[in-house]
Amino acid sequence: MKISLSTLRKMKRDGEKIAVLTAYDASFARRVEEAGTEVILVGDSLGMVVQGGETTLAVTVDEIVYHTRAVVRGAPNAFVIADMPFLGDATPESALANAARLMKEGGAQMVKLEGGAAQVEIVRLLSGRSVPVCAHLGLQPQAVHKLGGYKVQGRDEAAAEAIIRDAAALEAAGAEMLVLECVPSLLAAEVTRAVSIPVIGIGAGADTDGQVLVLYDMLGITPGNVPKFARNFLADVDSIEAALATYVAAVKSGAFPAPEHGFE
């Protein structure tokens, strides 16, 4: 069955968890889709796990287009989201032009933008031009230097209230989905209840509408430090296919993420 935005909205309404993974090529995308993953994110995380960079900042629009096209070929039935690279949405004109490329050339069904209140007008513009937008709040990897590192966001009252306000403002501007990264689990649950769009968590506890992990993190092949919120699903099974199926089942049942994968 072809997954659409209507499918994902219904899953939220019905309380059915949404399984999301990143992928960057056709072969892995096919395996991810076959495991029952509804959504594939072509993340700018490729700059770190594929290209070996220290951050995501060097990834280009051309590269996201290239990898998105490969993923769409490998997973024709999944709902594919493409990341907007760093400063690809610096102006309304560049945001519209680059979103058009990600969808027309890459074949993405949605474009993901990092940022809160400052992105409201960009989201409104894209939504008004029939570009489905996924917002991204909490830890924003493209702002890693401004944030001073990869740190949990929204722990103090003012920061938590800002995330709640930003989520509501982005939904009102036309965002159709929201990723929450590295925020306290209780805050993520509050945001998920406050908006009507699907909320996908990563390091945000078990009470969001779905979960996403970087593919290489959940297969245990990412070099160096692995985030606290990740789990190696390949450790206890004998194949990549089994690991992917175990991940999807754990997301669907609520077994993943466990409390140790979240933040207070």
Quick one about Glu38 and Thr7 (side-chain donor to acceptor, distance below 3.5 Å, no hydrogens or angles considered), yes or no?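 No pair is found: no donor N or O on one side chain lies under 3.5 Å from an acceptor on the other.
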Assess, by modelled atom type and distance only, whether the side chains of Ser45 and Tyr24 contain a donor and an acceptor separated by less than 3.5 Å.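 Indeed, the side chains of Ser45 and Tyr24 share at least one donor-acceptor pair under 3.5 Å.
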Answer yes or no: is there a side-chain heavy-atom contact under 4.5 Å between [X] and [Y]?
X	Y	answer
Leu113	Cys134	no
Ile202	Leu180	no
Tyr216	Val50	yes
Tyr247	Leu21	yes
Ser185	Asp207	no
Ile240	Leu219	yes
Val20	Ile40	no
Glu171	Leu178	no

Hey, does the side chain of [X] reach the backbone of [Y] with a donor-acceptor pair shorter than 3.5 angstrom?
X	Y	value
Asn232	Leu234	yes
Ser127	Arg124	no
Gln109	Met103	no
Thr37	Ala19	no
Ser4	Ser6	yes
Lys12	Thr192	yes
Lys228	Gly203	no
Gln153	Lys151	yes
Glu63	Thr60	yes
Lys17	Asp209	no

Around [X], counting heavy atoms of other residues, nucleotides and ligands shown, do more than 12 lie under 6.0 Å from its [atom1]?
X	atom1	result
Arg155	CZ	yes
Ile164	CD1	yes
Glu260	CD	yes
Asp236	CG	no
Asn225	CG	no

Membership question, hydrophobic clusters at under 4.5 Å side-chain separation (ILVMFWY): are Leu87 and Val65 in the same one?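 Unlinked, Val65 and Leu87 end up in two clusters.
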Cluster link Val226 to Leu46, ILVMFWY, side chain under 4.5 Å: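 No, Val226 does not connect to Leu46 through the hydrophobic network.
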Quick one: closest heavy-atom pair of Arg231 and Leu213, and the distance?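 Smallest interatomic distance, heavy atoms only, reads N-CD1, 4.3 Å.
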What closest approach, in Å, do Met48 and Glu54 show between heavy atoms, and which atom pair accounts for it?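 Heavy atoms only, the tightest pair is CE-O, 3.3 Å.
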Between Met110 and Met177, is the side chain to side chain contact (heavy atoms under 4.5 Å, CB included) condition met? List the steps. CA-CA 9 Å; Met110 176 174 273; Met177 190 178 295; 4.0 Å; yes
Does the Lys NZ or Arg CZ of Arg30 fall within the cation-pi geometry relative to Phe28 - under 6.0 Å from the ring centre and within 45° of the axis?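 Judged by the rule, Arg30 and Phe28 form no cation-pi pair.
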Decide side chain to side chain contact (heavy atoms under 4.5 Å, CB included) for Leu215 and Leu244; before the verdict, give the C-alpha distance in whole Å, the side-chain angles of both, and the deciding distance to 0.1 Å. CA-CA 9 Å; Leu215 178 66; Leu244 293 170; 3.8 Å; yes
Using atom types as modelled, flag every donor-acceptor pair under 3.5 Å from a side chain in residues 68-85 to any protein atom, sequence neighbours excluded.
{"unit_1": "Thr68", "atom_1": "OG1", "unit_2": "Ile64", "atom_2": "O", "d": "2.6"}
{"unit_1": "Arg69", "atom_1": "NH1", "unit_2": "Glu105", "atom_2": "O", "d": "3.4"}
{"unit_1": "Asp83", "atom_1": "OD1", "unit_2": "Lys112", "atom_2": "NZ", "d": "2.7"}
{"unit_1": "Asp83", "atom_1": "OD2", "unit_2": "Asp44", "atom_2": "N", "d": "2.8"}

Let me know which of Gln142, Gln119, Glu114 forms a side-chain contact (heavy atoms from CB on, under 4.5 Å) with His136.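 One option only clears the test, and that one is Glu114.
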